[in-house]
Enquirer: 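My questions will all concern the structure given below.
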Amino acid sequence: MPSTVILDNPLDMHLHLRDGEMLQHIAEESAHTFSGAVVMPNLVPPVSSKEDVIAYRTRIMEAIGNETFEPYMTLFFKPGYDKAFLESVRDRIHAIKLYPAGITTNSEGGVSGFNVEELRPALEAMSALNIPLCIHGETNGFVMDREAEFVSIYETLAEAFPSLKIIMEHITTKESVAALDRFENLYATITLHHLIITLDDVAGGMLQPHLFCKPIAKRPEDKEALLEVALDAHPKVMFGSDSAPHPRHAKEACGCAAGVFTAPIALQVLTELFEKHGRLENLQNFISGNARKIYGIIPPAKKVILEKKPFKVPGDYNGVVPMFAGEEIAYSVKGVTHG
Ligand code: NCD
Ligand code: ZN
């Protein structure tokens, strides 16, 4: 009998579900095995009004059909959001996502410059309403240094808004890991791919477009720092896949889109990784428990049974190439139960 691992209510705290045909094609890959996910707002145009949030949630619910899955909705941060607007939308969202302008896919309408006084009205209102601020933390500096340079902005914001929950999204550096323990109100999501790859895997040999993402994978010591807090299930870190599907033609192209598609294999590979390091007992908190506490959510009940039986990852899912395409991974999803 292959050994099994059971995960309760897995949560993906940073997910791109897209829209239109892509949403129809990929929603199931998350909705089947996860209880819920924080859904990123970087559509074209971005999700930035109450109507947008309501309509996008409806489209997601249609796309997932009969699956038990909660999309935790987000808004695309604009400095002009005022208290009245935020109050009106509070019960529809779980966070607001801030993108520096132009830093990644569909982020053109984001923030330019980080002037605390300009951000103050919106961030004070968010603090008062207990709305977490998720940040894509990269400057427009040299690509390998962007996240480390952004740490001083995280610190400024954490100090200026001590009751604002700030979530450093998809951290990739030892500097971000170190910042976690310096400020009570800083938290982080960590992806699967940044626990496994470094820049060498992306560009050290033949260029691997399906591993190209923002923030770019960094150095071995960065990966080790991320692994340490993930394997410990440090209470301020949560799993956020940043699974970011793009059609094959947009990845295998001159001008490759940024994003790694991991939704269909995330739980299996995380299980393999935690087992390999002898830390399986911490996977439940990394995949669900910490996020429940940080976001104060009660996800719909779901149990995912994984068994140690090789699974050959398909070459693509409706034209989207996943991480480990065509390769064998050690765990398979045996079943999912509800309630
Ligand atoms: C994301 C996408 O494609 O929307 N891409 C990525 O490389 N991670 C955007 C993001 O989270 O930066
Ligand atoms: Zn993302």
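It should be emphasised that the depicted structure is a prediction, and the values quoted were computed from it without experimental measurement. For ligands, and for the atoms within them, numbers begin at 1 and follow the listed sequence.
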Enquirer: Check this for me: does any side-chain nitrogen of one of E169 and K97 sit under 4.0 Å from a carboxylate oxygen of the other?
Expert: no
Enquirer: Which protein atoms of type N, O or S are found under 2.8 Å from the Zn ion (ligand 2)?
Expert: H14 NE2, H16 NE2, D242 OD1
Enquirer: Among the clusters formed by ILVMFWY side chains lying less than 4.5 Å apart, do V53 and V38 turn up in the same one?
Expert: no
Enquirer: Could you report the tightest heavy-atom contact between M144 and K218, atom names first, then the distance?
Expert: O-CE, 3.5 Å
Enquirer: Would you mind telling me which of V202, T172, V260 makes a side chain to side chain contact (heavy atoms under 4.5 Å, CB included) with H193?
Expert: V260
Enquirer: With a 4.0 Å cut-off, would you call E117 and R120 a salt bridge?
Expert: yes
Enquirer: Kindly print each ligand 1 N/O atom paired with any protein N/O atom under 3.5 angstrom away, one pair per line, or none if nothing qualifies.
Expert:
| from | atom 1 | to | atom 2 | distance (Å) |
| --- | --- | --- | --- | --- |
| ligand 1 | 3 (O) | R18 | NH2 | 2.8 |
| ligand 1 | 3 (O) | T105 | OG1 | 3.0 |
| ligand 1 | 3 (O) | H246 | NE2 | 2.9 |
| ligand 1 | 3 (O) | A258 | O | 3.0 |
| ligand 1 | 4 (O) | H16 | ND1 | 3.3 |
| ligand 1 | 4 (O) | R18 | NH1 | 2.8 |
| ligand 1 | 4 (O) | R18 | NH2 | 3.4 |
| ligand 1 | 4 (O) | N42 | ND2 | 2.8 |
| ligand 1 | 5 (N) | A258 | O | 3.1 |
| ligand 1 | 7 (O) | K214 | N | 2.8 |
| ligand 1 | 7 (O) | A258 | O | 3.3 |
| ligand 1 | 7 (O) | G259 | N | 3.2 |
| ligand 1 | 8 (N) | K214 | O | 3.0 |
| ligand 1 | 8 (N) | D242 | OD2 | 2.7 |
| ligand 1 | 11 (O) | H16 | NE2 | 3.1 |
| ligand 1 | 11 (O) | D242 | OD1 | 3.2 |
| ligand 1 | 12 (O) | T104 | OG1 | 2.7 |
| ligand 1 | 12 (O) | H136 | ND1 | 3.3 |

Enquirer: Please report whether the ring centroid of F34 lies less than 6.0 Å from that of F69.
Expert: no
Enquirer: Walk me through it: do F286 and F274 pass the test ring-ring contact (aromatic ring centres under 6.0 Å, His included)?
Expert: CA-CA 10 Å; F286 181 63; F274 275 64; 5.7 Å; yes
Enquirer: Considering only NZ, NE, NH1 and NH2 on the basic side and carboxylate oxygens on the acidic side, decide whether E328 and K309 come within less than 4.0 Å.
Expert: no
Enquirer: Once rounded to the nearest 0.5 Å, what's the spacing between atom OH of Y317 and atom NE2 of H25?
Expert: 14.5 Å
